[in-house]
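Throughout, a chain's letter reflects where its sequence line sits, starting with A, and its residues are numbered from 1.
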There are 4 protein chains.
Amino acid sequence: MDTPQPRSLKEKQRQERELLILQVAEDVLLEKGYRDTSMDEIAARVGIAKGTLYLHFAKKEDLMLAFFEREMVGILTCLKKIYATHQSVQSRLEKFVKTIYSDPKERRGHLMYIFINSDDFTMTVKHQAQPIFAEIVQEVSALLDEGKANGEFDTLIPTPLMTTSFFSLLSPRTYRSLIERGYDPKEIMRYSLGIYFRGIGGQFSFATEQQS
Amino acid sequence: MDTPQPRSLKEKQRQERELLILQVAEDVLLEKGYRDTSMDEIAARVGIAKGTLYLHFAKKEDLMLAFFEREMVGILTCLKKIYATHQSVQSRLEKFVKTIYSDPKERRGHLMYIFINSDDFTMTVKHQAQPIFAEIVQEVSALLDEGKANGEFDTLIPTPLMTTSFFSLLSPRTYRSLIERGYDPKEIMRYSLGIYFRGIGGQFSFATEQQS
Amino acid sequence: MDTPQPRSLKEKQRQERELLILQVAEDVLLEKGYRDTSMDEIAARVGIAKGTLYLHFAKKEDLMLAFFEREMVGILTCLKKIYATHQSVQSRLEKFVKTIYSDPKERRGHLMYIFINSDDFTMTVKHQAQPIFAEIVQEVSALLDEGKANGEFDTLIPTPLMTTSFFSLLSPRTYRSLIERGYDPKEIMRYSLGIYFRGIGGQFSFATEQQS
Amino acid sequence: MDTPQPRSLKEKQRQERELLILQVAEDVLLEKGYRDTSMDEIAARVGIAKGTLYLHFAKKEDLMLAFFEREMVGILTCLKKIYATHQSVQSRLEKFVKTIYSDPKERRGHLMYIFINSDDFTMTVKHQAQPIFAEIVQEVSALLDEGKANGEFDTLIPTPLMTTSFFSLLSPRTYRSLIERGYDPKEIMRYSLGIYFRGIGGQFSFATEQQS
DNA sequence: AATGAATGAGACTTCATTCAT
DNA sequence: GATGAATGAAGTCTCATTCAT
């Protein structure tokens, strides 16, 4: 605390760069997958030396973990914000998914899927990120329980099953294949959500929005 | 034909060995993912020398492809057998999924999921296996269309969306997490199918089987 | 000697096969060079199993050595036959070279060059084949000495130098490059010999044959 | 330009290292031939790790190519320098050969021979180095043509044949065998050149220098 | 005797990680 | 702090040689 300003200046630069690294790591991860993401490429794209990467993150795993956490914190924040809303549970979950998927190229949604479903990545990294991961799952579970309690969803389906189904909704690969066939992201979203919510006992009319 | 026994004996051993390799490759693939599956490890687990692996498969990719095809041919056969049955489309698809997942550790089901959803694996191998892959997807699509035609499923949902949802049903990772929490494989299966079929407009009572 | 006929029958077959192996080895060696000549390919081209190759030759080196000796014995025989002729030394040496190069694709000539000049091959093999190699060199040296003695060649040039120059006459590579440019094998031969013999003090008219 | 010294220092070291690698590659190539030259051995002899080699040259072929070009550029430069001299063509070509062979162990001369005559090496590498290779051949051809025009050499011998003969003059293998027998490098050179130049119609007295 | 499946040393190459500058 | 050259373990694949049948 004896040198607060200079430190915070340096510190600010440092954090900006760290952010940049995380963003680049995200880019590369989404493009190439975990194993084909090399530290060399990340450093090159960020425009720093490889060694500098290691000043921020001691291991590739740590970078990926930090990156994962950054994303997951964002998702969790979004989830909590929506959680506090006064709407039906279904509306809130729909809102959540749509928000997650509303960034360019649906990065956040795909990342969430990868974190939860990918082996390559998950095996190496996730066991270290249990807490936040558990919190996200917990939050969604709580919402689903609320939905069961207020009659929106089917009470016969165990919540954990509802939850895992929720997170399996949209695999990036199949998503991409649909995009390639010319489907509109919003349409894909709507139908996927529709299948899910009707499946767990919610109300969903595929016709309605089509008519309006 | 002059030396039928000796040749078939050798050949039998060869095929047994090849089968063993494919099984081990499957094990390792399921445990570690495509990129972390090394030829060294496969050879070591099979108990043969590295070079021997290459007598059976000229490249890692070839092994993975052979292995993929073996599994997918099995799945396709199963699918066609069931396709010819006289039952509701839903029953047939349920039967299909249950059959696929009925082997120990649900390997086939998980593999199908990986083949369809994994990037690592798919990018390297699937382009070579397009035909069979496309056939499986086509077969399921046809069934879903039949279901739409006979009133079982919602005609407002585009078939490709129904199809991709179908193949996203059970990610191995979430499946495993449910198993770890003590859920019964059959139960997981039933609820997942239930959510899916109700989601696409089919009939499904989560209560019924519970009562019987 | 107790079973002379059967043994000689078997033995004959054996020798025929050995001859075939040597011929195939020659083919492959000339096509691909020593290091790219694999035992697999030789066996496959001969139409026998790899193991059978090893019944004839304990090591790749041995095969190459045997093959080298076969060729060199042929060349030596040819050389001795010509040696005994009653002609000028130059005529005899010319005859020798033309004979060596008179087989299809000039195999023997190229092989002689390779044996004498190639590093790859020679380092591995030649030290084992000293005797015959030395004999060929000796024979040529003797002829050159005879030529020096009877006034055909320049006595100021040390015989060993004349000899090595003689064996460096036609490298397969440059030979091939000339063929590719459309030169006639006989023409190449004539000019090369001409340069050499004139070089060592012999008589050679490049014009003569052209005119006739 | 803001950091000229540090950059040039690093760069200098780098180039020194690269030079060292090229020299070692040359050593090993001359000792063992192309196919028996392993990246491991080069690294070990240079005293660096295998990976470091790949910082300088992305592939074995690239190293060999770079090395080839370095040598050939040297030879070409030397050739052009001599070309511009005012002397008889024969004197200039003699000067060229003597210069090429004047380094310790006659490395350059042997390398030139290998580049032009070795299959192993040439097949892999030379097609990438055509331009410089062609230029060297062209330069020598031009000199020989000049010699034919001014009456030094026999006009009846086609220039391409003169050229290939020129490059076949001294095979490293036979050269070494002469050295082993106690001949002096200069003597070998003189006689070989003598045979060649007399052979193509030039003037050469084996006696002269002997007397002086 | 003949086979060819099996072996394993060794080649090339990549990349996460370290460390002297 | 920042750099990027250096490292070396690990991965894929080849091929001479052996050996059970």
Side-chain angles (χ1 to χ4, degrees), chain A residues 10 13-14 17 35-44 47-64, chain B residues 3 6-7 9-11 13-14 17-18 35-43 46-63, chain C residues 10-11 13-14 17 35-44 47-64, chain D residues 3 6-7 9-11 13-14 17-18 35-44 46-63:
Chain A
K10 282 263 181 188
Q13 285 185 347
R14 183 192 153 78
R17 187 166 53 199
R35 292 303 304 273
D36 282 329
T37 296
S38 75
M39 298 299 266
D40 272 278
E41 179 161 7
I42 293 172
I48 59 177
K50 218 184 336 183
T52 311
L53 229 47
Y54 283 86
L55 294 178
H56 291 265
F57 307 100
K59 299 188 173 305
K60 184 183 179 183
E61 206 181 314
D62 292 349
L63 165 55
M64 292 305 178
Chain B
T3 54
R7 183 169 294 172
L9 183 67
K10 282 261 178 187
E11 186 54 24
Q13 284 185 349
R14 182 193 155 76
R17 166 83 54 101
E18 199 154 306
R35 295 303 301 273
D36 281 325
T37 294
S38 81
M39 295 299 266
D40 270 13
E41 177 160 8
I42 293 173
V46 174
I48 58 178
K50 229 182 321 185
T52 309
L53 228 46
Y54 285 87
L55 293 179
H56 292 264
F57 305 100
K59 300 191 170 308
K60 183 184 179 182
E61 205 179 316
D62 292 349
L63 166 54
Chain C
K10 281 263 179 188
E11 186 55 24
Q13 285 184 349
R14 185 191 152 78
R17 186 164 54 200
R35 291 304 304 271
D36 281 330
T37 294
S38 75
M39 296 301 265
D40 272 278
E41 179 160 5
I42 293 172
I48 59 176
K50 217 184 335 180
T52 310
L53 229 48
Y54 283 86
L55 294 178
H56 290 265
F57 307 100
K59 299 188 172 306
K60 185 182 178 181
E61 206 180 313
D62 292 349
L63 165 55
M64 291 303 180
Chain D
T3 54
R7 183 168 294 171
L9 183 67
K10 281 262 177 186
E11 186 55 25
Q13 284 186 348
R14 183 193 154 77
R17 167 81 54 98
E18 201 155 301
R35 296 301 301 274
D36 280 327
T37 295
S38 81
M39 295 300 265
D40 271 13
E41 177 160 8
I42 294 173
V46 174
I48 59 178
K50 230 181 319 186
T52 309
L53 229 46
Y54 285 87
L55 293 179
H56 293 264
F57 306 99
K59 300 193 173 304
K60 183 183 179 181
E61 205 180 316
D62 292 350
L63 165 54

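Considering all non-hydrogen atoms of both residues, D:Tyr54 and D:Lys59 come closest at CE2-CA, 4.3 Å.
With sequence neighbours left out, D:Asp62 forms a side-chain hydrogen bond (donor to acceptor under 3.5 Å, both in side chains) with no residue at all. In terms of the side-chain hydrogen bond (donor to acceptor under 3.5 Å, both in side chains) criterion, B:Asp40 has no residue partners (sequence neighbours excluded). Looking at residues two or more places apart in sequence or on another chain, you find a side-chain hydrogen bond (donor to acceptor under 3.5 Å, both in side chains) between A:His56 and A:Arg17, A:Glu18. Considering only residues two or more places apart in sequence or on other chains, D:Gln13 meets the side-chain hydrogen bond (donor to acceptor under 3.5 Å, both in side chains) condition with none of them.
Here F:dA2 presents its P atom at 9 Å from CD1 of A:Ile48, a figure rounded to the nearest Å. A:Met39 places its CE atom 15 Å from the C1' atom of F:dT3, with the value rounded to the nearest Å. The interatomic distance linking C:Glu41 (CD) with F:dT14 (P) rounds to 14 Å, in whole Å.
Side chains of D:Arg35 and C:Asp36 form a contact here, defined as non-hydrogen atoms less than 4.5 Å apart. In this structure, B:Ile42 and B:Leu63 have side chains that are in contact, with non-hydrogen atoms separated by less than 4.5 Å.
Taken from NZ in D:Lys60 to OG1 in D:Thr37, the straight-line distance is 6.0 Å, to the nearest 0.5 Å.
In this structure, D:Arg17 and C:Asp40 both approach DNA chain F, and ranking their closest nucleotides by distance from the 5' end singles out D:Arg17.
Note that the first and last nucleotides of DNA chain E, 5' to 3', having any atom under 4.0 angstrom from a heavy atom of chain D are E:dA11 to E:dT14.
Remark: DNA chain E takes part in the stems E:2-21 with F:2-21, each of 3 or more antiparallel Watson-Crick or G-U pairs, criterion distances under 3.5 Å.
Proximity of residues 49-59 of chain D to DNA chain F (heavy atom under 4.0 angstrom from any strand atom) is restricted to D:Ala49, D:Lys50, D:Gly51, D:Thr52, D:Leu55, D:His56.
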